[in-house]
A.B. asks: 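Can you read through this structure? Questions will come right after.
For the numbers below, each heavy atom of this structure counts, side chains included, while hydrogens, waters and symmetry mates do not. Per chain, numbering begins at 1; letters A, B, ... match sequence-line order.
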There are 2 protein chains.
Amino acid sequence: MLALETLEEHGKLRFTRLGELIGDVSQKMLTKTLRQMEADGLVLREVFPVVPPRVEYELTPLGRSLGEAFCGVWTWADEHRQTILDARTAFTARKNATDAMN
Amino acid sequence: MLALETLEEHGKLRFTRLGELIGDVSQKMLTKTLRQMEADGLVLREVFPVVPPRVEYELTPLGRSLGEAFCGVWTWADEHRQTILDARTAFTARKNATDAMN
DNA sequence: CGGAATCCAGATTGATACTG
DNA sequence: CAGTATCAATCTGGATTCCG
């Protein structure tokens, strides 16, 4: 999902640059994720036969449409992130109180 | 996600009934999922102190809002499921062809 | 009925080293 | 640069048993 978003925002990107923009991803996971997305037809992988190697990734129309479909979820997440964190804290507090009783 | 959808469609549900409607879930996973959703404030868990036990689950307003946010994704999935399956087949075919060359 | 507890095989992932 | 290969460690989920 982060890869999808990043590619949607920045368009065509090289492997390392994409990793930097996403933040905390091992290259192993990034590779796997991109291969899966490529297999699903969400991303286009373009290899340039030069030294040093250069590989660019960009969303296909299908990938972009998925990004748009997720738009509502991103908005929701932004709006309710804190609410959820609070709910978790409250839940843990309730749980501990109940546990202590028994 | 399936639990969210099912609860959104059917409203208040008992544990076993919810499991049946979702289809292929072990009670372990269903329990875990529901507890997580409860902790996140997405679902309300109501226990009736009767024999046999009766526990009902229903979405909170926060849970319903998430269900709505996911609406676009469900639609997308319905529309593109087959496209993705085809893409995977094509990708595997390409991969095998390439592998055979080397 | 609605779980909790235990056991366990298999999948996932991070870290590390190597390569064209 | 953009990976692949390998090993170890963790995590996951299924199956099973037990309980109030």
A.B. asks: Do B:V73 and A:F70 have side chains that get closer than 4.5 Å, going by heavy atoms?
C.D. replies: yes
A.B. asks: Does the side chain of A:R54 get closer than 4.0 angstrom to OP1 or OP2 of D:dG3 through an N or O atom?
C.D. replies: no
A.B. asks: So, is B:S26 near the phosphate of D:dG13, with a side-chain N or O under 4.0 Å from OP1 or OP2?
C.D. replies: no
A.B. asks: Using the rule side-chain contact (heavy atoms from CB on, under 4.5 Å), only one of A:E9, A:H10, A:E5 pairs with A:L21; which is it?
C.D. replies: A:H10
A.B. asks: Do B:R54's NZ or CZ and the ring of B:F48 fall within the cation-pi criteria of under 6.0 Å and 45°?
C.D. replies: yes
A.B. asks: Let's see if you can work this out: which of C:dG14, C:dG2, D:dG3 has an atom nearest to the side-chain heavy atoms of A:Q27?
C.D. replies: D:dG3
A.B. asks: In whole Å, I'd like the distance from the NZ atom of B:K32 to the C1' atom of C:dG2.
C.D. replies: 17 Å
A.B. asks: Taking the minimum atom-to-atom distance to the side chain of A:R14, which one of D:dC1, C:dG14, D:dG3 wins?
C.D. replies: D:dC1
A.B. asks: At 4.0 Å (heavy atoms only), tell me whether B:R17 reaches a base, stays on the sugar-phosphate, or touches nothing.
C.D. replies: nothing
A.B. asks: For B:T31 and C:dG3, is the shortest distance between a side-chain N/O and OP1 or OP2 below 4.0 Å?
C.D. replies: no
A.B. asks: Measure NZ/A:K28 against C1'/D:dG3 and give the value in whole Å, please.
C.D. replies: 13 Å
A.B. asks: Take the protein atom CG of A:L30 and the nucleotide atom P of C:dG14, then report the distance between them rounded to whole Å.
C.D. replies: 12 Å
A.B. asks: Using only heavy-atom distances, determine whether the side chains of A:Q82 and A:D86 contain a donor-acceptor pair under 3.5 Å.
C.D. replies: yes
A.B. asks: From the options C:dG14, C:dC1, D:dC1, select the nucleotide whose nearest atom is closest to the side chain of A:M29.
C.D. replies: C:dG14
A.B. asks: Could you tell me how far apart A:E46 (CD) and D:dG3 (C1') are, to the nearest whole angstrom?
C.D. replies: 17 Å
A.B. asks: Consider the side chain of B:P52, meaning its heavy atoms from C-beta on, and name the nucleotide among D:dC1, C:dC1, D:dT4 that approaches it most closely.
C.D. replies: C:dC1
A.B. asks: B:E38 has an atom CD; how far is it from atom C1' of C:dG2, in whole Å?
C.D. replies: 14 Å
A.B. asks: Could you pull out the closest heavy-atom pair between A:S65 and B:H80, with the gap in Å?
C.D. replies: OG-NE2, 4.1 Å
A.B. asks: Once you round it to whole Å, what is the distance between P of C:dA11 and CD of A:Q36?
C.D. replies: 15 Å
A.B. asks: Atom CD1 of A:I22 and atom P of D:dA2: how far apart are they, to the nearest Å?
C.D. replies: 13 Å
A.B. asks: If you look at every strand shown and take non-hydrogen atoms under 4.0 Å, does B:R45 touch a base, only sugar-phosphate, or nothing?
C.D. replies: sugar-phosphate
A.B. asks: Touch check for A:Y57, heavy atoms < 4.0 angstrom, all strands: base, sugar-phosphate only, or nothing?
C.D. replies: sugar-phosphate
A.B. asks: Counting heavy atoms from C-beta on, name the nucleotide in C:dA4, C:dG2, D:dG3 closest to the side chain of B:F15.
C.D. replies: C:dG2
